[in-house]
Amino acid sequence: QMADPFLYDTGERSHYGCLGHEVQIDHLKAYICRPSFSTDKAVIVVHDVFGWKFPDNRYIVDLIAGHGYITICPDFFKGTEPWKSTDHWADFPDWMKNHDPTKVDKEADVVLKYLKEQCGAKKIGIVGFSWGGMAVHHLMLKNPQLTAGVSLYGIIRDSEERYRLLNPTFFIFGEKDHTISLDQIFLLEDKLKQYCKVPYKIKVYPGQVHGFAQLKPEDMKPDDKPYIEEARRDMIDWIKMYV
C-alpha cells in the first residue's frame, strides 16, 4: 500500500485565465496555444492524472508557447474521467489499469499528424508530467517523429528494453518524490549509460516532491520557487537545444 503520492495540494488553486483555445482533432479534444509569431516548431504536453483541463497543465502549455512553440495538450484520457483529488487512493490501481501511460501511441500519432498537416510543424518535441512523464518515456522509445522529450517525474520501470531512447531525452526528478526512489533514478542512469545511443540527461532537484514543477507562481512556496523555476528553465533549454 503506497501513501497518497499527490503531495501537492490540488484543491485550492488560484483562477487561471488561459491564453489558448480548445480544438477537436479526430477523436481527441485538445488545448492549443500558439506563439505570437509563426513557427514550424511544436511541443506536445502530456498532462498528469488530473487531465488536460487541469489549470497547472494549461499553465505549462502557455509557458512553452511563450518561448516560441506551437504547444498542444491533447486529452490522452479520450473523454474519460481524470483522477480527482477527492477520489479514493485505494481505487488508484484500478483507475491506472484503464489509463495506461504506455498506451498512448495512437493519440500521439493523431496529434503529430495534426501538427504537421494543420500547423505546419516540422520539428516536434514532447514534455510530460507524472503520468505524462511515463508516457513521454514510452514514446521516446517508440516514436522517432518526436525530436526531443522531457519527462518530469515519470519513468517506465522493469525492463531492459526501456533504455534505448530514439532521440534526446531529459528526466527531471524531485529528491523527495516518494513515488520514485533515488535507487530507481540511479538505476535509470546506470542503464542509460549502458544502452542509450542518444543524448540524455537526468537531474534531481533538492527537497522537491512529486508534482513540484507545474505549480503556478502564486501557488509556490518561497523555498521551492528557485527549484521550480530552475526545472522549468532546464526543460525549456532542452527543448530549445533539440527542437
Side-chain angles (χ1 to χ4, degrees), residues 1-13 45-51 54-57 59-60 63 76 82-85 87-93 95-96 99-102 104 126-141 149-159 162-163 165 169-193 196 200-217 219-238:
Q1 177 65 14
M2 278 163 64
D4 185 338
F6 308 121
L7 288 178
Y8 70 115
D9 173 32
T10 57
E12 284 307 306
R13 273 291 184 272
V45 172
V46 192
H47 53 71
D48 56 16
V49 294
F50 301 114
F54 190 52
D56 292 15
N57 292 319
Y59 171 76
I60 294 290
L63 179 87
F76 280 95
W83 184 257
K84 290 181 296 301
S85 46
D87 290 342
H88 293 292
W89 179 232
D91 301 331
F92 188 68
W95 182 90
M96 271 298 272
H99 300 81
D100 183 341
T102 66
V104 288
I126 189 163
V127 168
F129 296 85
S130 185
W131 187 94
M134 294 163 82
V136 167
H137 186 178
H138 166 79
L139 288 166
M140 293 310 292
L141 298 163
V150 183
S151 164
L152 294 98
Y153 28 84
I155 49 174
I156 294 171
R157 308 168 198 221
D158 323 318
S159 146
R162 305 206 167 160
Y163 308 108
L165 299 162
T169 308
F170 178 23
F171 293 91
I172 286 176
F173 300 107
E175 180 196 22
K176 298 261 166 72
D177 185 335
H178 68 298
T179 67
I180 301 169
S181 67
L182 288 171
D183 286 351
Q184 284 171 321
I185 298 170
F186 297 143
L187 177 71
L188 177 68
E189 196 149 32
D190 198 43
K191 297 288 191 182
L192 287 174
K193 270 196 194 95
C196 188
Y200 64 86
K201 183 176 170 184
I202 293 175
K203 189 164 168 183
V204 180
Y205 296 77
Q208 298 308 296
V209 298
H210 193 79
F212 78 96
Q214 69 254 59
L215 286 171
K216 299 195 299 303
D219 298 322
M220 293 176 194
K221 296 190 180 88
D223 289 353
D224 297 329
K225 192 175 180 210
Y227 297 112
I228 296 170
E229 287 175 349
E230 184 184 348
R232 285 190 192 153
R233 264 198 317 276
D234 292 345
M235 169 185 85
I236 299 286
D237 286 348
W238 188 262

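A quick note: this is a predicted structure, and the numbers were derived from the prediction, not measured.
Taking the side chain as every heavy atom from C-beta outward, Gln184 and Ile155 approach each other to under 4.5 Å. At a threshold of 4.5 Å between non-hydrogen side-chain atoms, the residues Met96 and Met134 count as touching. Contact annotation: the side chain of Gln214 never approaches that of Leu152 to less than 4.5 Å [non-hydrogen atoms, C-beta and beyond]. Residues Arg157 and Ile180 are in side-chain contact: their nearest non-hydrogen atoms beyond the backbone lie under 4.5 Å apart. Looking at Leu139 and Val104, their side chains come closer than 4.5 Å, going by heavy atoms from C-beta outward. Under the 4.5 Å side-chain criterion, counting only non-hydrogen atoms from C-beta, Phe170 is not in contact with Ile202. Using a 4.5 Å cut-off on side-chain heavy atoms (C-beta onward), Val136 and Val127 make no contact. Between Tyr163 and Leu187 the shortest side-chain heavy-atom distance falls below 4.5 Å.
Interatomic distance, NZ of Lys201 versus CG of Asp237, reported as 7.5 Å (0.5 Å rounding). For the atom pair CZ (Phe173) and OG (Ser151), the distance works out to 6.0 Å, reported to the nearest 0.5 Å. The CD atom of Glu189 lies 11.5 Å from the SG atom of Cys196; values are rounded to the nearest 0.5 Å. Separating the CG atom in Leu188 from the CG atom in Leu182 is a distance of 12.0 Å, to the nearest 0.5 Å. Rounded to the nearest 0.5 Å, atoms CZ (Phe54) and CG (Asp48) are 6.0 Å apart. Here the CD1-CD distance, from Ile185 to Glu175, works out to 9.0 Å after rounding to the nearest 0.5 Å.
Heavy-atom contacts from other residues, nucleotides or ligands closer than 6.0 Å to NZ of Lys225 number 12 or fewer.
The aromatic ring centres of Tyr153 and Phe171 sit 6.0 Å or more apart. Residues His99 and Trp131 place their aromatic rings such that the two centres sit no closer than 6.0 Å. Note: Phe92 and Trp83 meet the aromatic proximity criterion, with ring centroids under 6.0 Å apart.
The closest side-chain donor-acceptor pair between Asp100 and Thr102 falls under 3.5 angstrom. In summary, the side chains of Asp177 and His210 do present a donor paired with an acceptor at a separation below 3.5 Å, with no hydrogens or angles considered. No side-chain donor from either of Tyr205 and Asp224 sits under 3.5 Å from a side-chain acceptor of the other.
Judged by distance alone, with hydrogens and angles left aside, the side-chain atoms of Trp238 form a donor-acceptor pair with the main-chain N or O of Gly149 at under 3.5 Å. Side chain of His47 to main chain of Phe76: a donor-acceptor pair is present (N/O by atom type, distance under 3.5 Å, no hydrogens or angles). The backbone N or O of Pro206 sits less than 3.5 Å from a side-chain atom of Gln208, completing a donor-acceptor pair.
Taking each heavy atom of Ala135 and Val46 in turn, the nearest pair found is CB-CG1, 3.9 Å.
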### Task
Kindly indicate, with the supporting measurements, whether the criterion side-chain contact (heavy atoms from CB on, under 4.5 Å) is fulfilled by His137 and Thr169.
CA-CA 8 Å; His137 186 178; Thr169 308; over 6 Å; no
#### Entry: Steps toward salt bridge (charged side-chain N to carboxylate O under 4.0 Å, His left out) verdict (Lys84, Asp87)
CA-CA 5 Å; Lys84 290 181 296 301; Asp87 290 342; 3.8 Å; yes
